[in-house]
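Each remark here refers to the structure printed beneath this line.
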Amino acid sequence: MDKTPWQSQPLTMIPGVGPARRAALHHLGIDCVADLLHYFPFRYDEDTKEHEFSAETGTVVVVASVAGEARVRFVRGKSLLSLPVVIHDTPMQAIFFNQSYLRNQFSVGMTLRLYGRYDATHKTLTVTRHERPSKHGALRSMTPVYAVSSSISVITLRQIMNAALRRVEPQLRDALPGELVARFRLPSYCAALRMIHFPDTLEDVHQARRRLVFEEFLRYQFHLQLLRETAASERAAPLDPVRFYEGSESFVRALPFQLTDGQRSALAALSEELIGTVPMRRLLQGDVGSGKTAVAFALAAGLAHTGQQTVLMAPTAILAEQHYRDAVRMLKPLGVTVALKTSESSESTVSVNPLKRGECTEDLIIGTHTLASPTLSYRRLRLAVIDEQHRFGVGIRRALREKGEGTSVLHLSATPIPRSLALTLYGDLAVTTLRERPKDRLPIKTMHVSTRDQTPVFRLLRTELMKGHQAYIVAPRIRPDDVDEEMKSAEELYEVMVTELGAARIALVHGQMNDKDRQQVMREFVAGHTQVLVATSMIEVGVSVLNATVMIVYGAERFGLATLHQLRGRVGRSIYPSYCMLVTDPVGNKALERIDALLSSQDGFALAERDLSLRGPGELLGARQSGLPTFSIGDPLADLRIMEAARDTAESALRDRSFWLLPSYQDLRESVLRDLLQKME
Ligand code: ADP
Ligand code: MG
């Protein structure tokens, strides 16, 4: 018997996977069988129904039966294969360009699934992709669509998925205790994987998701609650309030602007909490640009004046550098010492001088997750500020907190969420909200543009570039892909912009570039050396380029409302008028409602509420929320009820100790504790 647990078995044990496919899978982040089975479809194509099909010309998915012989013609050097088919009782021609080799592969009576553009006038279907029934049976009416690359197709990925599932099915064990599976009427793990990859109906997908999301959330809740148990009893030494307020007030007086009322009252509440003996656990949330950092800096200034330290942890080196520059500008003149520690900066100092590791002595230390690494220590740490906190796991937050005694933690988040959700997601955090934006900001002019006529896009870009401003252009994906030919990718848009904008300095950035290159590109944009940045939505969080006044989002219908709002928040950060263009193909009603919501409101809270009410079943897997902890399948907003069930389950299993004592919890317990230890490192 093979003793390797199925999860870590190499991909090459799957029939049909050799070195080439293994490499292609690696590019998708898939390195073992478990990665593969947890690589979920982002969408399902459902067959176009008869009434939808006859309505209008457009892209359709249809089952066709072959009604005659294929014929090949040549038109201006292109081969054109036409195949007589019957679709929903209507005879027509299916057209394949440059695929004359298919001629002998079709036989009369055969059933096919065709993807393509339907032309009602000529009764033709221009096929972009076709599938024949698999060996294992008929065509299903729900076809999973995965994010793929050019070296592996959706069809191949589906075959590999099927082969892998058959291979490991007998070994798949449920980590969830049987009593939970029964209580919540969940499908087994094995059934859930089969249904999510090969569903017959939307209901299958729904049930499979429920099972997988519940398990993911339950693990998260165990982590959260186990860590919380250890934090409850901490106390801090009281601080001298007079010194503290002298420090924070001199910072506020030196600012070139007036704090908003919201900032002022948040600062008062947080200060009071911070000088007390119960360590602060608080979330400061406020829409993009509401000025959360200024509040955090004021606290740091107060603490510095009492001889205490603050760390500020940002999710990326670029953001850390940005905070560092601001801190140097605003805090140094007051005598507050500031340091920057990112993995880059510390690595380079380490290689030069190993003694540089060790103790940080400055008043404010700004950095990335490196701040929590075991090589750094702080003697007077009082406050850990975690910017865009959803980016960090539970463990790293705790590691940071434990760098001091009675350290307070302040989380900053630009994704406004209701208090109840904050409690469920983050445990017992208190919540403070900044509701207003600074007064000098103009609203961001938001427009909807069709891909059919992009002249407004180029006109806007040219005018703003001429004024010396900068622009972001965001695409839903990096490369063209074989499923959605229509959708613009970052690489294609880069080419388009180079052609259209001639002399402008244009750069491309996306998540598959290595860290160093990516940061280089970002830095050049931040510094104003490049004028146009073509990117995927990875730029959404935090970056602040005051001179950027244009945000153009291609394929805007593919992004969730929250993400679009965050993207738009990248501009309008200064006194210049700013613009946001949402570029889409002709879109359905749901997408149109989302776009309309953005056109009519700039209030993140209102938009977050609209977002939830606009979700449809087609977006089951696609709509990843920005600004909330990310899960591999669960969506904390849309799946809030499952999160609540997971929270209650974890709470009661810890309270009555069944988590520790019952044999049915053993598998789950062992893997939860193992993950927890790994995350702490
Ligand atoms: P966010 O809440 O998105 O993190 P920041 O703290 O980055 O917002 O603030 C955005 C910009 O607004 C910064 O350049 C900051 O200096 C400036 N700012 C902060 N508070 C105010 C204010 N009350 N009036 C004017 N500008 C402000
Ligand atoms: Mg910020």
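Atom set for the values below is all heavy atoms of this structure, side chains included, hydrogens, waters and symmetry mates excluded. Both counts, for ligands and for their atoms, begin at 1 and track the order of listing.
- Here is the list of ligand 1 atoms found below 4.0 Å of a heavy atom in Thr260: 23 (N).
- In this structure, of Gly291, Pro256, Ser413, the residue bringing a heavy atom nearest to atom 8 (O) of ligand 1 is Gly291.
- Between Phe257 and ligand 1, no N or O atom pair is found at a separation short of 3.5 Å.
- Residue Thr293 holds the heavy atom nearest to atom 5 (P) of ligand 1 of all those in Asp287, Thr293, Leu412, Leu284.
- The ring of Tyr576 has its center closer than 6.0 angstrom to the ring center of His469.
- Not a single ring-ring contact (aromatic ring centres under 6.0 Å, His included) links Phe559 to another residue, sequence neighbours left out.
- Heavy atoms of Ser290 approach ligand 1 to within less than 4.0 angstrom.
- Atoms of ligand 1 found under 4.0 Å from any heavy atom of Lys292 (numbered from 1 in listed order, with element): 1 (P), 2 (O), 3 (O), 4 (O), 6 (O), 8 (O).
- Contact annotation: the side chain of Pro241 never approaches that of Arg243 to less than 4.5 Å [non-hydrogen atoms, C-beta and beyond].
- In this structure, the side chain to side chain donor-acceptor pair (under 3.5 Å) partners of Thr432, at least two apart in sequence or on a different chain, are Arg282.
- Under the 3.5 Å distance criterion, with hydrogens and angles disregarded, no donor-acceptor pair is assigned to the side chains of His448 and Asp596.
- With a 4.0 Å cut-off on non-hydrogen atoms, Gln258 touches ligand 1 through its backbone and not its side chain.
- When each atom of ligand 1 is checked for a heavy atom of Leu259 under 4.0 Å away, the hits are 23 (N).
- In the model, Thr337 has a side-chain atom that pairs as donor or acceptor with a side-chain atom of Asp363 under 3.5 Å.
- Within ligand 1, counting atoms from 1 as listed, the ones closer than 4.0 Å to a heavy atom of Arg573 are 3 (O), 7 (O), 10 (C).
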